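This structure is a prediction, so every number in the text was calculated from the model and none was measured. Below, chains carry the letters A, B, ... as their sequence lines are ordered, and counting in each starts from 1.
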Protein chains: 2
Amino acid sequence: MGRWTPNARGRLEAAALELYEQHGYDQATVTQIAERAGLTERTFFRHFTDKREVLFGGAQLLQDHLVQRVADAPASAAPWEAVTTALGGAGEVFPADRESSRQRQRVIAAHPGLQERELIKLATLSEALSGALQRRGVPARTAQLTADTAIAVFKAAFTRWLEMPERPDFAALIQEAVEEQRTVVAG
Amino acid sequence: MGRWTPNARGRLEAAALELYEQHGYDQATVTQIAERAGLTERTFFRHFTDKREVLFGGAQLLQDHLVQRVADAPASAAPWEAVTTALGGAGEVFPADRESSRQRQRVIAAHPGLQERELIKLATLSEALSGALQRRGVPARTAQLTADTAIAVFKAAFTRWLEMPERPDFAALIQEAVEEQRTVVAG
DNA sequence: CGCCGCATGTCAGCGACTGACATCAGACGC
DNA sequence: GCGTCTGATGTCAGTCGCTGACATGCGGCG
């Protein structure tokens with residue numbers, strides 16, 4: 001047992017999500033978030049670099065997971081196959097309840113600054129996938145284009161994953177989006 | 001002749017670009033930028049919503065131009081053809097000297113916050129292209145996937161446009177990237 | 001037993017951004 | 001010509017995000 005009540009970071013995340021949703025991102029001050037978590041503003045900034053970052057803790061997990069899967073793909077797999085197969089397994093790291101994901105998306109959708117942060121997380125993910133592909137021998141420019149194109153697929157699939165009534169199989173949604181995109185660019 | 005020296009907005013843009021490059025984005029204060037332009041901090045924030053936006057005035061022009069070209073494409077053109085043809089004409093709205101574009105890219109590359117802003121400009125552009133496609137009868141989901149995929153192509157082509165020694169024909173770079181992407185997703 | 005590490009608290013300060021109100025050259029109606 | 005109105009700018013005060021420097025005190029470790 002530590003000196004302080006445990007999981008300060010998790011309490012800050014929960015407090016922030018609640019306040020952002022109830023009063024809006026702009027109205028919620030960092031001081032309020034910290035107080036609700038039983039901490040001080042200064043401690044908030046020791047756990048998160050800024051007021052936005054508290055919503056994006058999961059991005060790093062997703063990225064590590066995907067990079068690992070690309071690295072682990074059989075040597076025979078083509079770049080596009082390696083990446084899309086990895087994306088198909090992303091459902092494993094999504095939260096058990098889609099509702100918390102939807103809540104988070106609602107907060108983000110309501111604030112441009114949070115959309116900016118989400119976009120750079122996707123861009124960082126794209127860079128990471130590109131790096132994983134390059135380690136498989138794919139040339140840099142091709143790797144980046146492949147990764148960017150894959151992100152377009154991921155976005156489409158994730159949007160559907162949130163929208164569908166019953167929790168869907170993420171791999172199937174990825175497969176659908178891949179096929180739709182192939183149709184599009186063949187056009 | 002107005003009461004004030006003209007083109008306040010342009011002077012603020014120039015002053016900001018210089019200071020961001022010379023001293024770094026973080027070190028340059030808005031007060032400094034405004035003073036260099038012969039104005040006050042308050043006036044800066046009347047022309048630009050925040051310290052970042054001063055670097056992104058051209059994005060709206062590009063967007064309007066591309067949306068117009070998608071709308072003007074012949075009815076017979078498939079969505080992908082309409083969008084990529086429009087992208088090919090984007091070279092018309094780039095600055096005459098690539099050096100100022102490179103300077104701007106260097107500043108952006110040096111600061112994550114500016115990268116965020118650039119990404120949301122691209123996302124906004126993607127939304128606008130998606131809207132233009134939907135006005136041509138393309139279903140919403142397909143339109144967005146088409147636009148996102150097109151943005152991946154645009155990024156690749158623009159990067160090359162900045163890098164090449166002689167000013168290249170942007171339409172040709174778009175065409176190259178389209179073909180490379182088709183190869184990629186063909187697996 | 002005493003020292004140390006580390007998560008947290010306290011405090012002071014900077015700079016981004018905003019709202020309210022003042023100013024004043026030029027445009028415009030008469 | 002003359003008063004009025006408009007719109008870009010200035011002035012001022014205030015909030016809040018974020019940071020650096022230093023203090024504090026429990027738990028562990030020698």
In whole angstrom, what separates [X]'s [atom1] from [N]'s [atom2]?
| X | N | atom1 | atom2 | result |
| --- | --- | --- | --- | --- |
| His111(A) | dG17(D) | NE2 | C1' | 12 Å |
| Leu39(B) | dT11(D) | CG | P | 11 Å |
| Arg52(A) | dA16(C) | CZ | C1' | 12 Å |
| Glu41(B) | dG15(C) | CD | P | 10 Å |
| Lys51(B) | dT18(C) | NZ | P | 14 Å |
| Phe45(B) | dT11(D) | CZ | C1' | 16 Å |
| Phe44(B) | dA16(C) | CZ | C1' | 10 Å |

Give me, pair by pair, the N or O atoms of the protein and of nucleotides 20-22 of chain D that are less than 3.5 Å apart, along with how far apart they are.
from, atom 1, to, atom 2, distance (Å)
dG20(D), N7, Arg42(A), NH2, 2.9
dG20(D), O6, Arg42(A), NE, 2.7

By the definition side chain to side chain donor-acceptor pair (under 3.5 Å), identify the one residue from Gln175(A), Gln181(A), Arg182(A) that meets it with Glu179(A).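 By the side chain to side chain donor-acceptor pair (under 3.5 Å) criterion, Glu179(A) pairs with just one of Gln175(A), Gln181(A), Arg182(A): Gln175(A).
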Side chains of Thr40(B) and Thr43(B): any donor to acceptor distance under 3.5 Å?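 Their side chains do contain a donor-acceptor pair, which is all the 3.5 Å distance test asks for.
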Between the protein and nucleotides 2-8 of chain D, which nitrogen or oxygen pairs are less than 3.5 angstrom apart?
from, atom 1, to, atom 2, distance (Å)
dG7(D), N2, Arg3(B), NH1, 3.3

Do any of residues 10-33 of chain A sit with a heavy atom less than 4.0 Å from DNA chain D, and if so which?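 Those residues are Ala28(A), Thr29(A), Val30(A).
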